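Whatever order the structure lists ligands and atoms in, that order sets their numbers, starting from 1. Residues: numbered from 1 along the sequence shown. For clarity, every value in this text was computed on a predicted model and none was experimentally measured.
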Amino acid sequence: MSNLEIIKQFPSDFLFGVATSSYQIEGNSYGSSGTCHWDDFAKNTGNVINNENGSIACSHYIKYQEDIDLIADAGFSAYRFSFSWPRILPQGKGTINPEAISFYDRLLDEMLQKDLKPFGTLYHWDLPSAFGKKGGWKNSDTTKWFADYTDIIMKRFSDRLYSLATINEPWCVSWLSHYLGEHAPGEKNVASAIKTMHMILLAHGRAMQVIRTHNFKNAGIVLNKQLVVPFDETEESQLAASVSDEIHNLWFDEAIFKGRYPSKTLEMFQKYMPEDYETDMDMISQSIDWVGVNYYTRSIIKSDKTEPFLGFSPVKGNLPTTDMGWEIYPEGLEYLVKRLHEHHSKSIPIFITENGMANNDFVENGIVDDIRRINYYYTHLQKVLRLIEANVPVKGYFAWSLLDNFEWAFGYTKRFGLVHVNFVTQKRTPKRSYYQFQKSLRNQ
Ligand code: IFM
């Protein structure tokens, strides 16, 4: 399928948007921003491909009007972006950077002027360097500083936000960054990872508490979900996959919606859990207004005696993959969202807050022909439509991403955008996928 006409079949109040994040696009060398732990991580050779970082990124700090125009011109009705903590508070706390306030004021005003609903995110991974040096998310004080930062955002911007997420992808903040070591701060330490698996949820809970004191009623959290399948039918593989599913998905669902952690994993983690963690569970499980799901792929899990703590690891599958090497498996989106709704989130709205693919895109005669991406969106939107038909309350879908951007440890080598970015000239070139969204959204 090489078009996105399927969009016309969605309910008229369904929101279509695009998503981005501060560090990946803004360029944190602009506007007196402080640095974050990604700047520190990127300084060590080998952590990020080509030793790149987000200091220039897509120069969105300068080009934000052009970027908002692109979103509005495509016919999207919502924009998911994130606030940069170190831009607003260069030292993480204390003195507020007036240039940052002015930037987000202008950004929000621009969105509203273009009839875009602002979906803000408080934390999309740019932890101020000052806190990285104090133990980062392992330090429970960071959760309190996060609450103070939340208060500043609420005071300055909540009048213009349509919706607010606390944390983007707590699994990535904790497990991927502290056990697998792939993201900042790059630890490979089971004790750190397990502590962070709890602290990041505590940070979410503390932020929710602050958000409620401002009487704000459209707040949630964004979870990244991955379908976990066993390698084969053996009992070993089945058990490995079920624990992996708990770590990736159910740890967060159970904590947020039921105020507890899943039993098999908790047993494994027990010895490293923060003291008295149980007393935080009410705060973590206070009510939220919606939940976001980011979905990209599935993982196949096989028991692996060489893996020192878990005893299992992922193996390659045989489905077609994206440029990230991630298998394309839209069925996983349908299954995971349905399970979340039935077992955990029940009647609250679900937003697909990220979905999309990296593709080896290039501009040829002014055109970027990303047919594979159009097909990826089409096959995933088909599943979203099926969920709606099955009365699962999915209320919106955000394509990841508006722009090619800083793809974390992959630097600028992976292109997820609907719009191509030339990182030398900063020229934006809408891809064929952008025009397909535009065609369908405008004629909806
Ligand atoms: O680029 C990231 C984003 O920051 C978080 N979700 C996954 C995307 C693709 O890897």
Side-chain angles (χ1 to χ4, degrees), residues 17-28 36-39 41-42 47-49 52-54 57-58 60 67 79-85 119-127 165-177 180 182-184 186 200 220-227 248-249 252 291-299 314 321-329 332-333 336 351-361 370 372-373 376-377 380 397-421 423 433:
V18 285
T20 65
S21 88
S22 44
Y23 191 78
Q24 292 178 275
I25 63 166
E26 285 179 4
N28 81 333
C36 75
H37 70 167
W38 267 95
D39 296 300
F41 181 67
N47 282 346
V48 175
I49 293 183
E52 304 277 13
N53 61 37
C58 306
H60 173 74
D67 295 340
Y79 175 38
R80 178 173 175 248
F81 70 105
S82 75
F83 292 98
S84 160
W85 188 353
F119 276 64
T121 298
L122 290 168
Y123 184 73
H124 196 127
W125 309 353
D126 29 18
L127 183 74
T166 53
I167 305 287
N168 181 69
E169 303 187 348
W171 177 86
C172 292
V173 178
S174 48
W175 201 255
L176 184 70
S177 309
L180 299 174
E182 290 174 25
H183 279 191
I200 198 64
I221 184 169
V222 170
L223 306 173
N224 59 306
K225 302 211 157 285
Q226 214 170 84
L227 184 76
H248 208 113
N249 302 305
F252 304 99
V291 59
V293 171
N294 293 355
Y295 178 81
Y296 291 91
T297 189
R298 68 171 184 174
S299 65
T321 57
T322 70
D323 203 32
M324 297 292 280
W326 296 347
E327 284 190 304
I328 301 173
Y329 192 65
L333 175 65
L336 289 164
F351 288 88
I352 310 305
T353 32
E354 282 180 30
N355 180 228
M357 72 175 277
N359 195 42
N360 184 13
D361 299 320
D370 58 340
R372 286 196 79 213
R373 180 173 289 108
Y376 182 100
Y377 280 123
H380 287 78
Y397 176 94
F398 291 80
W400 183 270
S401 182
L402 171 67
L403 303 171
D404 294 340
N405 59 41
F406 178 72
E407 178 52 28
W408 308 112
F410 293 90
Y412 295 93
T413 63
K414 301 292 173 195
R415 295 183 175 272
F416 274 92
L418 296 181
V419 175
H420 180 277
V421 176
F423 292 108
S433 57

Classify the ring geometry between Phe416 and Trp326 as parallel (under 30°), tilted (30 to 60°) or perpendicular (over 60°).
tilted

Is there any N or O on Ser21 that sits under 3.5 Å from an N or O of ligand 1?
no

Would Asp361 and Arg373 pass as an ion pair if we require N to O under 4.0 Å?
yes

Are His124 and ligand 1 in contact, using a heavy-atom cut-off of under 4.0 Å?
yes

Report the member of Trp400, Phe410, Phe406 with the shortest heavy-atom distance to atom 3 (C) of ligand 1.
Trp400

Matching residue for Ile25 among Asp404, Leu403, Val421 - test: side-chain contact (heavy atoms from CB on, under 4.5 Å)
Leu403

Indicate, with yes or no, if the rings of Phe83 and Phe81 have centres closer together than 6.0 Å.
yes

Based purely on interatomic distance, does Trp408 place a nitrogen or oxygen under 3.5 Å from a nitrogen or oxygen of ligand 1?
yes

Does Asn294, backbone or side chain, put an N or O under 3.5 Å from an N or O of ligand 1?
no

Counting from 1 in the order shown, the ligand 1 atoms closer than 4.0 Å to a non-hydrogen atom of Phe416 are 9 (C), 10 (O)

Relative to the heavy atoms of Glu407, which atoms of ligand 1 are at a distance of less than 4.0 Å?
1 (O), 2 (C), 9 (C), 10 (O)

If we count only N and O atoms by modelled type, under 3.5 Å, do the side chains of Asn28 and Asp126 hold a donor and an acceptor together?
no

Classify the ring geometry between Phe406 and Trp408 as parallel (under 30°), tilted (30 to 60°) or perpendicular (over 60°).
perpendicular

Could you list the atoms of ligand 1 found under 4.0 angstrom from a heavy atom of Glu354?
3 (C), 5 (C), 6 (N), 7 (C), 8 (C)

So, Ser82 versus Ser21: side-chain donor-acceptor pair below 3.5 Å or not?
no

Would you mind running through ligand 1 and noting each atom that sits below 4.0 Å from a heavy atom of Trp326?
10 (O)

Which atoms of ligand 1 sit under 4.0 Å from any heavy atom of Glu169?
5 (C), 6 (N), 7 (C)

